[in-house]
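What follows is a single structure, written as structure tokens, with notes after it.
So that the names make sense, note that chain A is the first sequence line, chain B the second, and so on, each numbered from 1. Scope of the values below: all heavy atoms of this structure, side chains included, with no hydrogens, waters or symmetry mates. This structure is a prediction, so every number in the text was calculated from the model and none was measured.
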Amino acid sequence: MADLKRTHYCTDLTEKDVGQEVALMGWVQRRRDHGGLVFIDLRDRTGLIQTVFNPQEDPETHQRSHAVRSEYVIAVKGRVRPRPDDMINEKLKTGRIEVFIYHLRVLNTAETPPFQIEDDIDVSEAIRLKYRYLDLRRPSVQRNLLLRHKAYQVTRSFLDQEGFIEIETPVLTKSTPEGARDFLVPSRLNPGQFYALPQSPQLFKQLLMVSGFDRYFQIVKCYRDEDFRADRQMEFTQIDIEMSFVDEEDVHDITERLLATVFKELLDIEIPRPFKRLTYAEATSRYGLDKPDTRFGMELKNVTDIVAGSEFKLFSQVAQNGGVIKAINAKGQSSLSRKDLDDLTDFVKIYGAKGLAWIKINPDGWQSPIAKFFSEAEKEALIRALDVEAGDVLFFSADTPKVVNEILGQLRVKLGRALNLINTDEYDFLWVTHFPMFEYSQEEQRYTAMHHPFTAPVEEDLDKLETAPGEVRARAYDLVLNGHEVFGGSIRIHRRDIQEKVFHLLGIGQEEAEEKFGFLIKALEYGAPPHGGIASGFDRLIMIMTGADNIRDVIAFPKTQKATCLLTDAPSKVNRQQLLELAIRLDTENKKEN
RNA sequence: GGGGACGUAGUGAAGUGGUUCAACACGCCGGCCUGUCACGCCGGAGAUCGCGGGUUCAAAUCCCGUCGUCCCCGCCA
């Protein structure tokens with residue numbers, strides 16, 4: 001290698017380099033061996049270039065090129081030549097040139113890979129993850145990680161220019177109640193005691209505001225020991241931001257400008273600002289969900305008043321018992337088959353629906369198991385309320401508002417996707433604001449914080465804290481992109497008395513509050529400025545920007561749904577000595593033998 | 001904790017009780033080939049049908065269990 005130094009990346013070379021001697025290094029994408037002429041497509045992280053081995057160039061080098069195989073690592077030296085006109089490959093960036101090789105060195109051989117190193121391969125994800133280092137050679141995966149890299153850089157430089165200071169917070173920290181399940185790390189020096197991995201640096205960034213840092217950010221790993229989803233891993237990355245002396249508008253503004261910059265620099269897309277806004281109440285009422293995909297319509301309409309007096313017992317009874325009846329109109333979809341409708345019924349049952357009432361608007365009349373219960377006047381009213389035309393299909397749900405919204409909200413998204421109502425090139429940002437402060441948990445028989453316990457209540461709702469906690473709105477906001485929550489934050493409580501009141505409401509007693517959050521309460525006493533912030537689901541954002549349909553495609557070494565790493569086989573057992581040092585004895589009797 | 005889908009050569013996949021049932025494609029190995037770029041042509045190797053048990057004269061195929069991957073509900077302040 002001493003005498004061979006790489007001069008270019010493969011796709012650095014252009015027609016301008018014709019005649020130059022170059023040295024390239026990379027992996028063998030494919031060998032096309034004609035016996036005489038041999039072509040080897042050489043790949044590095046930039047892409048491909050065709051190298052040519054001609055016996056007239058150097059007989060020995062040509063001879064040795066026969067032995068080269070896929071994914072061998074080779075170094076070559078040769079001269080750049082233009083391709084004859086009829087041999088130009090428009091599919092390659094370097095397709096107008098090729099390199100005639102007179103020196104070949106095999107730097108390493110390779111086993112035949114378990115799958116081909118190229119895009120659009122048809123191979124199970126389990127195999128890809130087991131050989132992730134090979135999977136990561138594929139251009140599409142490299143593109144994702146490159147975009148992710150650029151997003152870090154643009155974020156850092158933007159926030160730096162805006163006066164934000166990047167400060168690292170501990171990874172080994174204190175376990176706190178509320179929120180997700182903690183990952184625990186045993187302390188060897190303090191037997192029987194544990195650190196927790198941060199679910200977010202929430203408390204530390206608030207303390208940094210008390211310290212006067214004023215504008216903080218961090219690109220930081222967070223850990224939540226909960227079950228996985230397509231857009232959820234237990235270990236994920238946040239862009240974490242906190243600012244002092246600000247209100248909601250300030251946080252929205254910095255977030256919007258950050259995103260505008262990131263989208264401009266990475267995708268060359270101008271995203272219109274300011275972003276749309278809906279209150280939580282509006283979002284759930286019109287779209288059923290607190291993270292609505294607003295790239296298409298099909299809004300939920302409340303038809304309770306119209307059908308409350310109808311002959312259809314189910315509707316009239318629900319109305320009588322204080323429930324609601326809502327409907328959505330799938331325009332022009334009356335070609336949905338009976339089976340489609342049955343499948344949709346099964347789908348909504350996942351979300352607690354007992355059934356799904358539908359009406360097909362055929363040109364010759366209404367087709368539906370329930371249409372016969374409606375009077376002409378009621379039909380007329382439905383037509384007006386739902387903008388009904390021939391060819392439409394209406395779906396109804398009747399239950400409590402919470403259940404109805406969930407059911408129709410999920411159905412709406414399902415239909416939007418299935419019926420191709422969504423423009424997938426669109427990036428549709430939406431702020432959802434004024435979340436409820438608390439949610440009543442039937443399971444725990446108490447209120448829980450909808451955002452987190454440090455979120456400030458809306459000023460004018462302060463007096464309801466004691467009288468009607470369920471009605472108190474929080475100064476919390478989520479940023480929704482195409483139906484995914486990509487940022488979430490709030491203005492925080494900066495007064496001790498309010499913080500204590502909120503803890504109390506959450507059923508956290510004075511003693512517990514002191515033990516778990518004493519340091520925060522204390523800090524609030526020492527001149528805590530008003531402050532607030534926001535944090536992103538960075539992986540999710542990159543997922544959407546790359547068009548990936550799951551989060552694993554934008555993480556270099558992701559875990560499976562069962563929280564294992566197929567590459568390293570983590571997690572794994574540890575030896576007895578390690579456990580002894582940690583004063584840990586296993587009790588796996590009731591668990592599966594592992 | 002629960003619901004659903006899947007598991008057959010290196011990879012993808014056909015086959016759902018019976019006599020070529022272990023196809024096909026890509027990849028791999030060997031041979032031929034001086035303009036290919038998804039090279040082509042000829043030949044070849046490669047599968048205890050995820051694993052364990054059961055039913056049967058007979059199981060990739062039916063039953064039970066188990067392991068693994070994915071999607072979803074619960075969970076994710």
Side-chain angles (χ1 to χ4, degrees), chain A residues 29-42 48-57 62 66 69-71 81 83-92 94-95 98 100 111-131 134 176-182 199-200 202-203 222-234 236 343 346-352 406 410 414 435 437-439 441 443-444 447-455 474 476 485 488 490 502 506 508 535 537 549-550 552 559-562 564 566 592-594:
Chain A
Q29 178 67 31
R30 186 171 266 112
R31 178 178 117 257
R32 288 177 296 279
D33 191 336
H34 290 231
L37 271 187
V38 176
F39 300 95
I40 290 178
D41 292 336
L42 188 67
L48 297 178
I49 191 164
Q50 173 165 281
T51 63
V52 187
F53 295 76
N54 188 320
Q56 283 147 24
E57 200 74 30
H62 168 261
H66 291 302
R69 292 293 180 273
S70 286
E71 298 309 312
R81 293 201 191 168
R83 293 202 195 183
D85 280 347
D86 52 337
M87 286 157 205
I88 286 168
N89 185 349
E90 299 290 357
K91 280 184 264 178
L92 280 188
T94 55
E98 56 196 358
F100 274 65
E111 292 293 313
T112 302
F115 49 84
Q116 260 138 283
I117 309 303
E118 59 194 24
D119 287 342
D120 303 317
I121 50 170
D122 198 4
V123 58
S124 80
E125 200 177 345
I127 300 282
R128 286 175 50 200
L129 291 181
K130 181 175 176 185
Y131 298 95
L134 298 180
T176 54
E178 302 288 309
R181 195 176 291 111
D182 277 328
Q199 298 179 26
S200 89
Q202 183 60 35
L203 295 177
C222 302
Y223 307 85
R224 295 177 189 174
D225 189 4
E226 299 293 349
D227 288 353
F228 289 59
R229 286 289 186 282
D231 65 353
R232 233 163 68 192
Q233 289 256 317
M234 63 187 188
F236 61 98
D343 288 346
D346 287 339
F347 172 78
V348 294
K349 282 179 180 168
I350 297 170
Y351 302 96
E406 174 79 5
Q410 297 288 358
K414 169 95 169 171
F435 279 77
M437 194 70 186
F438 306 105
E439 235 175 349
S441 163
E443 194 184 330
E444 298 179 61
Y447 282 103
T448 58
M450 195 150 176
H451 188 57
H452 59 52
F454 320 106
T455 301
E485 180 198 331
S490 62
V502 169
L506 293 171
I508 302 173
D549 52 15
N550 80 66
R552 295 179 298 279
K559 298 201 171 45
T560 68
Q561 196 172 44
K562 273 239 184 74
T564 66
L566 296 177
K592 270 171 243 155
E593 194 60 42
N594 44 54

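- One atom, CG of A/Asp122, and another, P of B/U8, lie 13 Å apart when rounded to the nearest Å.
- The base of B/G10 does not come close enough to the side chain of A/Glu111 for any donor and acceptor atom to sit less than 3.5 Å apart.
- In this model, the phosphate group of B/G68 is not approached by any side-chain N or O of A/Ser124 to a distance below 4.0 Å at OP1 or OP2.
- Close to B/G68, at under 4.0 Å from its OP1 or OP2, lies no side-chain N or O of A/Lys130.
- In the set B/C70, B/U34, B/A38, the nucleotide with an atom closest to the side chain of A/Lys91 is B/A38.
- Looking only at side-chain heavy atoms (C-beta outward), A/Gln233 and A/Arg552 come within less than 4.5 Å of each other.
- Nucleic acid contact class of A/Met234 (heavy atoms, under 4.0 Å, all strands): none.
- Taking the side chain of A/Tyr351 as heavy atoms from C-beta on, and the options B/C72, B/G68, B/C28, the nearest nucleotide is B/C72.
- Taking only side-chain atoms of A/Ser70, from C-beta outward, the nucleotide of B/C28, B/U34, B/U36 with the closest atom is B/C28.
- Between the C1' atoms of B/C49 and B/G12, the separation comes to 15 Å (whole Å).
- For A/Phe228 against A/Gln561, the heavy-atom pair with the smallest separation is CD1-O, 3.5 Å.
- Here the side chain of A/Arg69 is nearest to one of B/C39, B/G30, B/G12, namely B/G30.
- An OP1 or OP2 oxygen of B/C39 is reached within less than 4.0 angstrom by a side-chain nitrogen or oxygen of A/Arg30.
- Considering A/Arg32, A/Gln29, A/Arg30 in turn, A/Arg32 is the only one that fulfils the side chain to side chain donor-acceptor pair (under 3.5 Å) rule with A/Asp41.
- OP1 or OP2 of B/C39 sits under 4.0 Å from a side-chain N or O of A/Arg32.
- Within the nucleic acid shown, A/Leu566 comes within 4.0 Å of sugar-phosphate atoms alone, with no base atom in reach, counting heavy atoms only.
- A 3.5 Å limit on both hydrogen-bonding distances identifies B/C67 as the Watson-Crick or G-U partner of B/G7.
- Within 4.0 Å (heavy atoms only), A/Thr176 reaches no atom of the nucleic acid at all.
- Residue A/Ile88 is the one, among A/Ile88 and A/Glu125, whose nearest nucleotide of RNA chain B lies closer to the 5' end (criterion: closest heavy atom).
- For B/G68, the OP1/OP2 oxygens have a side-chain nitrogen or oxygen of A/Lys562 closer than 4.0 Å.
- A donor-acceptor pair shorter than 3.5 Å can be found between the side chains of A/Gln199 and A/Asp182.
- The separation of B/U8 from B/G50, taken at their C1' atoms, amounts to 10 Å, rounded to a whole angstrom.
- Counting only heavy atoms from C-beta on, A/Thr112 has its side chain closest to B/C28 among B/C28, B/G35, B/C70.
- The distance from atom CD1 of A/Ile117 to atom P of B/A38 is 18 Å, rounded to the nearest whole Å.
- Around the CG atom of A/Asp120, the shell of radius 6.0 Å holds no more than 12 heavy atoms that belong to other residues, nucleotides or ligands.
- Comparing B/G35, B/C26, B/G12 against the side chain of A/Gln116 picks out B/C26 as the nearest.
- The base-pairing partner of B/G18, taking Watson-Crick or G-U wobble contacts with both distances under 3.5 Å, is B/C57.
- Comparing B/C76, B/C71, B/C39 by their nearest atom to the side chain of A/Arg232 picks out B/C76.
- Between the P atom of B/G27 and the CD1 atom of A/Ile127 lies a distance of 18 Å, rounded to the nearest Å.
- Put simply, the side chain of A/Arg83 and the base of B/C37 share a donor and an acceptor less than 3.5 Å apart.
- Nucleotide B/U48 is matched to nothing when pairs are restricted to Watson-Crick or G-U wobble geometry with both distances under 3.5 angstrom.
- Under the stacking criterion of a centre-to-centre distance below 5.5 angstrom and an interplanar angle below 30°, A/His34 is not stacked against the six-membered ring of B/U36.
- The closest side-chain heavy-atom distance from A/Glu111 to A/Glu71 is not below 4.5 Å.
- Residue A/Gln561 contributes atom CD, which lies 12 Å from atom C1' of B/A5 at whole-angstrom precision.
- Side-chain N/O atoms of A/Asp86 and base N/O atoms of B/G35 include no donor-acceptor pair closer than 3.5 Å.
- The distance from atom CZ of A/Arg31 to atom C1' of B/A38 is 16 Å, rounded to the nearest whole Å.
- Taking the ring centroids of A/His66 and A/Phe53, they lie at or beyond the 6.0 Å cut-off.
- For B/U36, the base is stacked against the aromatic ring of A/Phe39, per a cut-off of 5.5 Å between centres and 30° between planes.
- Checked against B/G12, B/C37, B/U69, the side chain of A/Thr564 finds its nearest nucleotide in B/U69.
- With a 3.5 Å ceiling on both atom-pair distances, the Watson-Crick or G-U wobble partner of B/G40 is B/C32.
- A/Asn89 comes within 4.0 angstrom of a nucleotide base, judged by non-hydrogen atoms across all strands.
- Within the 4.0 angstrom heavy-atom criterion, base atoms lie near A/Asn54.
- Comparing B/C71, B/C37, B/C75 by their nearest atom to the side chain of A/Leu92 picks out B/C37.
- Relative to the side chain of A/Leu37, the nucleotides B/C72, B/U34, B/C37 differ in distance, and B/U34 lies closest.
- With rounding to the nearest 0.5 angstrom, the CD1 atom of A/Ile49 is 4.5 Å from the OG1 atom of A/Thr94.
- When heavy atoms are screened at a 4.0 angstrom cut-off, A/Gln56 is found touching base atoms of the nucleic acid.
- B/G52 and B/A9: their P atoms are spaced 15 Å apart (whole Å).
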